[in-house]
Enquirer: 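Got a structure for you, questions after.
Residue numbering restarts at 1 for every chain, and letters A, B, ... go by the order of the sequence lines.
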Number of protein chains: 2
Amino acid sequence: MSEAARGSETRARIQAVAVELFTEQGYDKTSLREIAERLDVTKAALYYHFKSKEDIVASLVEDYVGQFDDLIAWATGQPRTAQTRAEIMRRYVTIVTEGHEVFRMLHQNQAAAQSMAGGKGRRTELFKERLRTLTGLLAEPDASLAERLRAAIVLGGISVAWMSFEDQVPDQDELVTAIIETGVELTRHPVATS
Amino acid sequence: MSEAARGSETRARIQAVAVELFTEQGYDKTSLREIAERLDVTKAALYYHFKSKEDIVASLVEDYVGQFDDLIAWATGQPRTAQTRAEIMRRYVTIVTEGHEVFRMLHQNQAAAQSMAGGKGRRTELFKERLRTLTGLLAEPDASLAERLRAAIVLGGISVAWMSFEDQVPDQDELVTAIIETGVELTRHPVATS
DNA sequence: GTCTATAGACGGATAGAC
DNA sequence: GTCTATCCGTCTATAGAC
């Protein structure tokens, strides 16, 4: 909510339509004319709220990766216990599943999203970098390769699993709970690597 | 290799450059002019080998998803044993890691890739569909939700983990082996869901 | 099999009225 | 805050010579 509630309410409508169309058709195949038509306004109106097409995506990206940064910041200040790891997992799953429209949009437009989001210089590699950091918080960097791999696989797989099952189950809340449970279970440090 | 070795050798060079540029900059931001320049030929020359820009991607997609289809076809004819599951994992990891240039390119251009690949009608949902099928082969559809989730998370997470670690370790073969091991381990059916 | 030249279309962005 | 009108750039794709 930090940046989202800025300016008029039209701004939010533009963002919503943009997410929808960018997801369906891709960033480049969606023209500003199309977005404007869907909102019954003109292209020029969009330029009052956003200074460019890229700026629309940038506003979305900023809000979204901010959530991960918040999670990382929080987690960094916590003791490295099993309970902390479980809580990281819980929050991570919540971000992925609740913001899934934006997440899916970014997922489908990685190439486009990476060109921006950071102005000019920043080669942020949006998720890769943050995923590595989170991996390091679930399994210490000096842990065995197998252990770090497990953490990376689980974090990366959660979003895929969500997208894969989301429309296959009757109760999505139940699915979220199950994903958290499975995620926590898979990142425990049990089995001796035979 | 089924379709790859078609026509002149220039065709393959075009494909190689296309993968590279599509990955770096995205499908839409890469023009045929750019590809042609890199090969020291002209745009028109490309049109001798491919009937359109989309056709270049289509040729790539076809070859790549074919590998997954082959895996699925093979796995479907096997007995559902632990060894079969391990072998599925092994082959899956091999496809993901060996074809990682193409994989990464498709990953970065999902939106573009989904519009094509199947001519006009087919809404193949390239990976989602196939991932579901593979999930069903690792954990029977009547297995518990937790068990199916585990399979989906692991399959989905493998590619993420690969991309995350690929440039972080000295020996990539070792990494592949470790991923296979971890994948097999995570999809075993051990822990009683507390 | 590769070239030059160009058609034809569409997109992002701005100026300026209201 | 939204509109009309328009500029300017770039791109895909084709025609036709060599």
Side-chain angles (χ1 to χ4, degrees), chain A residues 3-61 105 108-109 111-117 119-120, chain B residues 4-61 105 109 111-117 119-120:
Chain A
E3 280 284 340
R6 177 89 326 114
S8 75
E9 184 242 350
T10 311
R11 188 188 158 91
R13 291 178 60 225
I14 295 173
Q15 287 178 316
V17 171
V19 170
E20 195 181 330
L21 292 180
F22 289 165
T23 304
E24 277 173 24
Q25 318 177 327
Y27 173 77
D28 301 85
K29 286 197 173 56
T30 303
S31 65
L32 294 180
R33 183 184 51 74
E34 221 171 341
I35 296 176
E37 264 171 22
R38 187 94 136 214
L39 290 164
D40 266 310
V41 295
T42 61
K43 267 197 299 179
L46 304 184
Y47 278 94
Y48 175 81
H49 295 278
F50 298 94
K51 75 173 207 297
S52 70
K53 186 184 179 186
E54 286 204 354
D55 194 43
I56 298 177
V57 175
S59 76
L60 263 6
V61 170
M105 185 246 112
Q108 289 230 327
N109 294 287
Q114 276 177 8
S115 310
M116 35 200 111
K120 269 271 166 60
Chain B
R6 175 89 329 111
S8 75
E9 185 242 349
T10 310
R11 188 188 159 92
R13 290 179 60 224
I14 295 173
Q15 287 178 315
V17 172
V19 170
E20 195 181 331
L21 292 179
F22 290 164
T23 304
E24 276 173 25
Q25 319 177 324
Y27 172 77
D28 300 86
K29 286 198 172 56
T30 304
S31 66
L32 294 181
R33 181 184 52 74
E34 220 172 341
I35 296 176
E37 265 171 20
R38 187 95 136 215
L39 288 165
D40 266 309
V41 294
T42 60
K43 267 196 301 178
L46 304 183
Y47 278 94
Y48 176 82
H49 296 279
F50 298 94
K51 75 175 206 299
S52 70
K53 186 184 178 185
E54 286 204 353
D55 194 44
I56 298 178
V57 175
S59 76
L60 262 6
V61 171
M105 185 244 115
N109 295 286
Q114 276 177 8
S115 310
M116 38 201 107
K120 269 271 166 60

Enquirer: Does A:Y48 make a side-chain N or O approach to OP1 or OP2 of D:dT2 shorter than 4.0 Å?
Expert: no
Enquirer: Is any side-chain N or O of A:T42 closer than 4.0 Å to OP1 or OP2 of D:dT2?
Expert: no
Enquirer: Take nucleotides 13-18 of chain C nucleotide by nucleotide from the 5' end and write B, S or -, depending on whether a protein heavy atom sits under 4.0 Å from the base, only from the sugar-phosphate, or from neither.
Expert: BBB---
Enquirer: Whole-Å distance between D:dT12 P and B:D55 CG?
Expert: 14 Å
Enquirer: Taking NZ from B:K29 and C1' from C:dG12, how many angstroms apart are they, rounded to a whole number?
Expert: 12 Å
Enquirer: Quick one: does any side-chain atom of B:K53 pair with a main-chain N or O of B:T30 as donor and acceptor, under 3.5 Å?
Expert: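 Flag set: sc B:K53 to bb B:T30 pair under 3.5 Å.
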Enquirer: With the threshold set at 4.0 Å, does a side-chain nitrogen-carboxylate oxygen contact exist between A:R38 and A:E34?
Expert: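 The answer is no: the pair does not qualify as a salt bridge.
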Enquirer: With each end axis built from five pairs of C1' atoms, what bend angle do you get for the helix from C:dG1-D:dC18 to C:dC18-D:dG1? Round to 10°.
Expert: 10°
Enquirer: OP1 or OP2 of C:dG12 versus the side-chain N and O atoms of A:R33: is any pair under 4.0 Å?
Expert: no
Enquirer: Holding to salt bridge (Lys or Arg N to Asp or Glu O under 4.0 Å), I want the full list of residues that pass it with A:K29, two or more places apart in sequence or in another chain.
Expert: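 Result, salt bridge (Lys or Arg N to Asp or Glu O under 4.0 Å) vs A:K29: B:D28.
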Enquirer: Which whole-number value in Å describes the distance from B:Q25 CD to D:dC11 C1'?
Expert: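 After rounding, the reported distance stands at 14 Å.
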Enquirer: How many whole angstroms separate atom CD1 of A:I14 from atom P of D:dT2?
Expert: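 Between P of D:dT2 and CD1 of A:I14: 8 Å.
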Enquirer: What is the distance, rounded to the nearest whole Å, between atom CD of A:E9 and atom C1' of D:dG1?
Expert: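 The distance from CD of A:E9 to C1' of D:dG1 comes to 14 Å, rounded to the nearest Å.
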Enquirer: D:dC3 C1' sits how many Å from A:L39 CG, rounded?
Expert: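 From A:L39 CG to D:dC3 C1': 15 Å.
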Enquirer: How close do A:A36 and A:K43 get, counting heavy atoms only, and between which atoms?
Expert: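 Heavy atoms only, the tightest pair is CB-N, 3.6 Å.
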Enquirer: Taking C-beta and beyond as the side chain, do A:L32 and A:I56 meet within less than 4.5 Å on heavy atoms?
Expert: yes
Enquirer: To the nearest angstrom, how far is B:R13 atom CZ from C:dG1 atom P?
Expert: 14 Å
Enquirer: Is there side-chain contact between A:F22 and A:I35, with at least one heavy-atom pair below 4.5 Å?
Expert: yes
Enquirer: Run A:Y47 and A:D55 through side chain to side chain contact (heavy atoms under 4.5 Å, CB included) and show every step you take.
Expert: CA-CA 10 Å; A:Y47 278 94; A:D55 194 43; over 6 Å; no
Enquirer: So which nucleotide from D:dT12, C:dT2, D:dC3 ends up closest to the side chain of B:S31?
Expert: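 The listed nucleotide nearest to B:S31's side chain is D:dT12.
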Enquirer: So, taking the atom named CG in B:L46 and the one named CZ in B:R11, what distance separates them when rounded to the nearest 0.5 Å?
Expert: 12.0 Å
Enquirer: Whole angstrom is fine here: how far is it from OH in B:Y27 over to P in D:dC11?
Expert: 13 Å
Enquirer: Contact between A:M105 and A:Y27 at the side-chain level, heavy atoms closer than 4.5 Å - yes or no?
Expert: no
